[in-house]
Structure formats: C-alpha cells, structure tokens
Number of protein chains: 2
Amino acid sequence: MSTMHDVAQRAGVSPKTVSRVVNGESGVSERTRRKVDAAIAELDFRPNPIARNLRTGRTGLVGLALPHLSQPFYAELAEAIMREAERHDLTVLTELTGGVAEAELALVSEHGPYLAGLLMYPVGLSDEQARSVAQAVPTVFMSERAYEAPVDRVAMANREGVRAMVSHMASLGYTRIAALGADHTGRPERAAAHLRLDGYRDGLSDAGLPYLPELVCEVGTPDWDRQHGAEATRGLIERGVPFDALVAFADALALGALHAVQEADLTIPDQVAVAGFDDLDDARYACPSLTSIAPGTAQIAREALALLNDRMALTAPQNTGRLVVADFDLMARESTLGGVAAWRTA
Amino acid sequence: MSTMHDVAQRAGVSPKTVSRVVNGESGVSERTRRKVDAAIAELDFRPNPIARNLRTGRTGLVGLALPHLSQPFYAELAEAIMREAERHDLTVLTELTGGVAEAELALVSEHGPYLAGLLMYPVGLSDEQARSVAQAVPTVFMSERAYEAPVDRVAMANREGVRAMVSHMASLGYTRIAALGADHTGRPERAAAHLRLDGYRDGLSDAGLPYLPELVCEVGTPDWDRQHGAEATRGLIERGVPFDALVAFADALALGALHAVQEADLTIPDQVAVAGFDDLDDARYACPSLTSIAPGTAQIAREALALLNDRMALTAPQNTGRLVVADFDLMARESTLGGVAAWRTA
DNA sequence: TTGTAGGCGTTATCAG
DNA sequence: CTGATAACGCCTACAA
C-alpha cells in the first residue's frame with residue numbers, strides 16, 4: 001500500500017500537494033496536477049480512509065438500523081437502501097435492533113461518534129429518545145410514526161393507500177369490506193395501524209358505505225405475520241359476520257387471510273376479495289396473486305438518502321424536521337380482479 | 001469525547017498506563033488500575049477505534065458479501081450471521097454483489113485493506129479469483145462450490161440432504177420421483193445443482209428405484225425462483241410423464257411447483273408429493289405447508305465465524321483450506337405427509 | 001511497575 | 001500556487 005508520501009516523492013512535490021489533488025482542491029497548477037495524477041496511477045495509490053477519518057473526524061460510514069432481515073419487507077427495504085447508498089459512495093453498516101429501543105439506542109452510543117449518518121427504522125424509540133438519537137448523529141427515520149421532535153422522516157402513504165384500496169374494492173361492487181390489522185390500544189408505536197384504519201374509514205365514506213365495527217378485526221400482536229392474519233380471519237368467519245371483501249393492513253396478514261378463506265371453502269375473489277399492503281414479492285406469487293399497495297420502497301430509499309445527505313452536509317434546517325411521504329401504487333391482481341395464474345408472466 | 005490523555009491527567013498517570021489498562025495488559029498495579037478505571041468511568045471514556053486502527057492496522061470490521069437480500073434465503077443467512085457477529089463483537093459491513101464476480105472483487109479492492117475479515121457467498125468467482133480474495137484478506141466462503149484453492153468454506157449437506165429427502169418419499173411409497181433444478185451445463189458455479197442431483201441419484205439407488213432421465217427437469221436459468229419452478233413443472237405435466245412426487249432443489253422452485261401442480265388439479269400429496277430445500281419461512285407457511293431440508297443456517301453462521309476468527313488470529317493453517325459441512329434437518333410437512341393446516345400452530 | 005519518544009497516513013494552518 | 005510543520009488518538013519500542 002503506497003502512501004501520499006510515496007506519491008509525493010515520485011511526483012517530486014510535497015505530500016500536501018498530493019492531498020490537494022486527491023481532494024480536488026483548487027490552487028494547483030495544471031502541470032503539477034498531471035504529474036501527481038500520473039504518480040497516483042503508477043503506484044495505484046488509494047488514500048487511507050482511516051487516517052483521513054482520524055484527521056477530519058468524518059467517516060463515509062452510514063448506519064442502517066432495522067428490526068429484522070428475515071421479514072421480507074425489511075429485507076427489500078435494506079436492499080433498496082444499500083443500492084442507493086452505493087450510488088452516493090457511502091458504506092453501509094447494518095445493525096439489527098429487533099425493534100427494541102435498547103438496541104436502537106445502543107447502536108448510537110456504540111457506533112454513533114464514528115458514523116457520518118444514520119438511517120433507522122425505529123420501533124421502540126420514544127419521542128424523547130428519537131430526539132436524542134437525531135441529536136447525536138445526523139439521522140433520517142423511516143417510520144410511520146410521527147415524532148414530537150424535530151427529526152427527518154420518510155413515511156409511506158398509509159392513509160391514502162388504504163383509502164385507494166377500499167375505493168378499488170367498492171368500485172368492483174364489494175359492499176361489506178372488512179379490515180384486518182386494526183389497533184385499539186392507541187399506542188404510538190402502532191401508528192401504521194391507526195393511519196391505515198383512518199384510510200379504511202375514508203375509503204368507506206368515499207364510497208358511501210357505512211363503517212361497521214364488527215367488520216374491523218384486531219390482530220393479537222404487533223407482529224403482522226401470516227399466522228396471525230389467518231387466525232384473525234378464521235375468527236371473523238366463525239363469528240358468522242357476513243363480508244365479501246377483506247383489506248389487510250399488511251401483505252403478511254393478507255397471505256394468512258388467503259389461507260383461512262380458502263380453508264373455509266370460500267372462493268377468491270368471487271365470494272371474498274382480499275388485498276394487502278407492502279407489495280412483497282410474495283404477494284405477486286401468492287395463489288391467487290394478491291392485490292396490494294406498493295409503498296414505493298425505491299423512492300423511500302432515494303428520499304431517505306437525499307434527506308440524510310442534507311443533514312450530513314448541514315444543509316438541512318437545524319431546528320425543524322422534514323417529512324417525505326412516498327407515492328404508492330395499487331397493484332391490482334387476482335385476489336380482487338379474478339383471472340388465473342396472472343403471475344405466470346408477472 | 002475524552003481521550004486517553006484526558007483520562008491520564010485525571011488519574012495522574014501517563015497515557016501509556018491508561019492504554020495498558022484499557023487493553024487489559026499485565027504489569028499494572030492494582031492500585032493504579034483502580035485509579036484509571038475510575039477516571040475512565042467518570043469521563044465516560046471510550047477508546048477511539050479509528051485512532052487505534054490507524055496505529056495497529058487492525059479493524060473490528062468484517063465484510064459480508066451476498067448476492068441479494070431480496071431473496072429470503074440470503075436474508076435469513078444475513079440475519080443469522082449478523083447475530084453471530086454481534087456475539088463476537090464484530091461490526092458487519094454488508095455489500096450486495098448481485099452474484100457478479102466483478103462486484104465480488106470490487107469489494108475486496110475497495111474495502112479489503114481495512115477489513116479484519118470477510119464472509120462471502122461467492123457466485124461468480126473463479127478458482128483463481130477466490131484464491132486472490134482469500135490472499136488479500138482473511139476470508140471464509142459460504143458456498144456449495146469447491147474451489148481449487150486453499151480457502152476456508154462452509155457448505156450445506158447438499159448431497160446428503162436430497163438423498164434423505166428421496167428416501168423420505170420412497171418410504172412413503174412414492175416410486176416415480178421427479179427432480180427439479182438439475183443442471184447439465186456442468187458449469188462450476190452450478191455446484192449446488194450438481195451435488196443435489198447426485199443426492200437424488202443416491203436416494204433412488206438406496207430405495208432400489210431406477211434413475212429415469214425423463215423425470216429430471218432442468219430449470220432455464222440459474223435463478224431458482226417460483227416462476228421458473230412453476231414453468232418447469234408445467235412442462236413436466238404437459239409432457240405427460242407420469243410422476244407421483246417431485247423433489248425440488250430449492251424451496252422457491254418447490255413453491256412454484258406447488259402452484260403448477262394445483263393448477264393442474266392434482267392433489268398434494270395424494271397424487272403428487274412435493275418437497276424443497278432451504279426451509280424458508282415461506283415453506284412453513286405455504287399451502288400446503290412444504291416439506292423441506294433445513295440446511296442449518298444458524299450453524300453455518302456459527303461455523304463461518306469460528307473459521308474466520310481462526311483466520312484473523314492467524315491460528316488457522318496457512319496453506320490449506322478447511323471445509324465444514326453443516327448438519328441438515330428434514331422438515332416433514334403436509335406436502336408429503338398430508339394433513340391440513342399444520343401451520344396453524346407451526 | 002511506569003513513563004517517554006515517536007510515528008501510523010492524512011489534513012489544517014500558515015508561511016513562502 | 002506550493003511547502004513545512006503540527007496534530008488527530010492511539011500503540012510500539014525502549015528506557016527508567
């Protein structure tokens with residue numbers, strides 16, 4: 001590994017001049033610059049980032065904090081972010097928090113001082129904790145929950161997405177549309193559930209349909225997975241509440257619902273239409289393929305890194321948080337439209 | 001951020017003594033050590049890893065190179081590795097290679113000198129390239145392909161796993177067992193396909209069943225996904241080849257097969273039993289739930305980090321590669337055993 | 001058992 | 001436009 005010193009000697013200049021060239025600073029004659037560039041190429045010199053960081057205090061390291069990777073939604077988000085970070089020449093340091101505030105905070109106290117920025121999908125963080133995280137390191141949260149703190153955040157179109165989904169179903173003639181994934185605890189970390197329920201009400205009201213509490217299903221846990229989706233759907237069926245459509249607040253729930261509905265020998269979508277939210281790969285490949293809201297993961301990644309860049313450059317407003325809501329897409333598939341094997345060519 | 005210097009002043013000793021205490025070196029009196037520890041606690045001092053690294057050349061950074069994260073198998077592997085790395089107090093720097101040799105090599109030339117170690121799931125790397133990667137940085141490959149180079153590798157029980165699966169099916173009375181995912185190009189990067197096909201032949205031979213080429217399906221691409229699994233299965237059905245069981249070399253293929261088989265109005269497992277390999281979450285939750293080989297992801301992560309630790313400590317033999325094959329588990333579920341909705345409580 | 005001197009590779013400061 | 005000098009925070013080598 002050659003150093004700046006080596007390059008300087010070879011080019012017959014001082015190390016500082018090499019530094020200037022490497023960092024594209026002005027105030028170097030064209031002739032000198034060429035000499036230095038040649039020496040750099042000959043020695044295959046690459047600046048040592050560690051030494052640079054020691055001197056400047058800045059790193060090109062960005063932390064990415066996610067609850068899990070084994071849930072496809074997070075994995076797909078992580079992939080989008082890593083690809084985007086690459087475009088910004090940032091190195092990503094991924095940490096799994098398990099959705100526990102403790103771990104979310106530990107990341108900051110552990111690596112915080114040596115991170116140029118942090119992208120976090122927070123779950124357990126309180127308002128106060130979110131503020132202190134953002135104070136310790138330039139941070140962008142990806143979260144459906146609004147924090148009472150001046151922090152940057154990228155969110156999905158939770159409310160508008162579900163609203164559009166209910167409208168979609170209503171326009172297809174469904175009138176008894178159930179909701180799956182509601183939360184009545186009111187706990188702030190369940191914001192996604194609250195917003196999506198709001199969207200559900202909006203959609204009903206747009207269509208002139210009544211809001212019927214008996215069609216609104218809670219899911220036992222905050223874990224929106226297939227199993228709980230199936231259980232809740234079975235409950236709905238067993239209670240004998242008539243319904244002809246089901247909007248789940250997450251694809252995993254919807255996939256479970258698909259299972260439970262078919263188990264009960266109801267046909268999809270003739271007797272019951274089903275839809276989800278997240279547009280996981282699994283949705284496209286489900287059987288029948290699942291109508292879902294695509295939350296714009298790629299856009300979320302793009303916006304998150306754009307916001308973070310501002311923060312890191314201190315270009316961003318200091319005492320106020322910014323919010324970006326990504327555009328959504330309604331992916332209509334067999335579970336509401338009918339047809340067969342659309343994913344043969346999906 | 002306080003420095004060793006600050007701590008030294010506060011404790012009334014020299015910086016070197018603080019260094020000794022921090023690094024647990026011997027040759028410090030109990031009294032001094034206590035004074036220093038107290039000062040460290042009071043100032044909440046934490047050694048600056050960047051400065052340390054600059055001096056020692058060592059980092060606690062381990063690279064993790066995977067083709068994708070959007071395929072559940074890789075995401076589950078990544079999660080297992082990150083959790084294991086945490087136990088070793090290593091920080092993981094994840095890079096996505098897309099399975100392209102170019103990107104796999106770029107990671108090394110980019111971050112190589114500043115990585116303490118590298119865990120790579122290589123796809124495009126040639127023998128020669130694998131050797132040069134391992135030479136540049138302590139490396140453990142997670143790969144089914146054997147390299148002609150002295151590199152450490154953790155692999156799955158490809159052959160034994162499929163063999164066991166075929167035996168499982170034969171013991172249930174199936175006699176015309178098809179294979180899905182074979183590769184006849186012989187290209188070394190398709191080693192998993194080759195080994196699993198070997199296991200398929202072993203299993204047939206164990207059961208006294210003939211090997212019938214017409215029951216062996218290739219998949220168009222190296223991408224083992226649902227779509228290709230479904231297509232190949234449709235082909236098999238359309239060709240009119242009688243078969244009563246199907247061993248897919250990956251769960252994604254098997255999930256596609258599940259779809260195609262049901263599409264053809266064949267019942268599972270009565271008319272056709274289906275099984276996969278990987279034991280994805282999706283397998284447990286498929287409909288019917290999918291019998292599969294669990295490749296021991298947790299063990300793979302453990303072994304990979306154990307091997308890497310040796311390499312990094314230079315404890316490992318220098319001119320020879322080590323191979324660890326993880327134990328597998330046959331997860332028998334509805335797609336071969338029958339029964340209904342086992343995953344209700346899975 | 002403890003301390004001093006020096007340098008890892010880079011960049012900031014200031015002088016030329 | 002260019003260069004000398006010092007410093008970032010830590011650790012190695014050697015001395016006391």
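Letters A, B, ... are given to chains in the order of the sequence lines, protein chains preceding strands, and every chain is numbered from 1.
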Side-chain heavy-atom pair L107(B), L118(B) within 4.5 angstrom cut-off: yes

Side chain to side chain, D152(A) and T139(A), heavy atoms closer than 4.5 Å: no

N/O (side chain, T32(B)) to phosphate O (OP1/OP2, dT2(C)) under 4.0 Å: yes

Heavy-atom contact window of chain A on DNA chain D, given 5' to 3' at under 4.0 Å: dC1(D) to dG9(D)

Ring centers of Y121(A), F141(A) separated by less than 6.0 Å: no

Ignoring hydrogens and angles, tell me if any N or O in the side chain of [X] forms a donor-acceptor pair with the backbone of [Y] under 3.5 Å.
| X | Y | answer |
| --- | --- | --- |
| D310(B) | L307(B) | no |
| E144(B) | M156(B) | yes |
| E104(A) | V123(A) | yes |

Q129(B) versus S132(B), side-chain donor and acceptor atoms under 3.5 Å: no

Polar contact flag, side-chain donor to acceptor under 3.5 angstrom, E76(A)-T297(A): no

Rounded distance [0.5 Å steps], CZ in R145(A) versus CZ in R153(A): 10.0 Å

Angle between terminal axes - the helix from dT1(C)-dA16(D) to dG16(C)-dC1(D), 5 pairs each end, rounded to 10°: 40°

Pull out every protein N or O sitting under 3.5 Å from an N or O of nucleotides 8-12 of chain C, one pair per line with the distance.
unit_1	atom_1	unit_2	atom_2	d
dT10(C)	OP1	N48(A)	N	2.9
dT10(C)	OP2	M4(A)	N	2.6
dT11(C)	OP1	N23(A)	ND2	3.2
dT11(C)	OP1	R52(A)	NE	2.7
dT11(C)	OP1	R52(A)	NH2	3.2
dT11(C)	OP2	S19(A)	OG	2.9
dT11(C)	O2	R55(A)	NH1	3.1
dA12(C)	N7	K16(A)	NZ	3.4

K35(B) with D37(B): basic N within carboxylate O range, under 4.0 Å: no

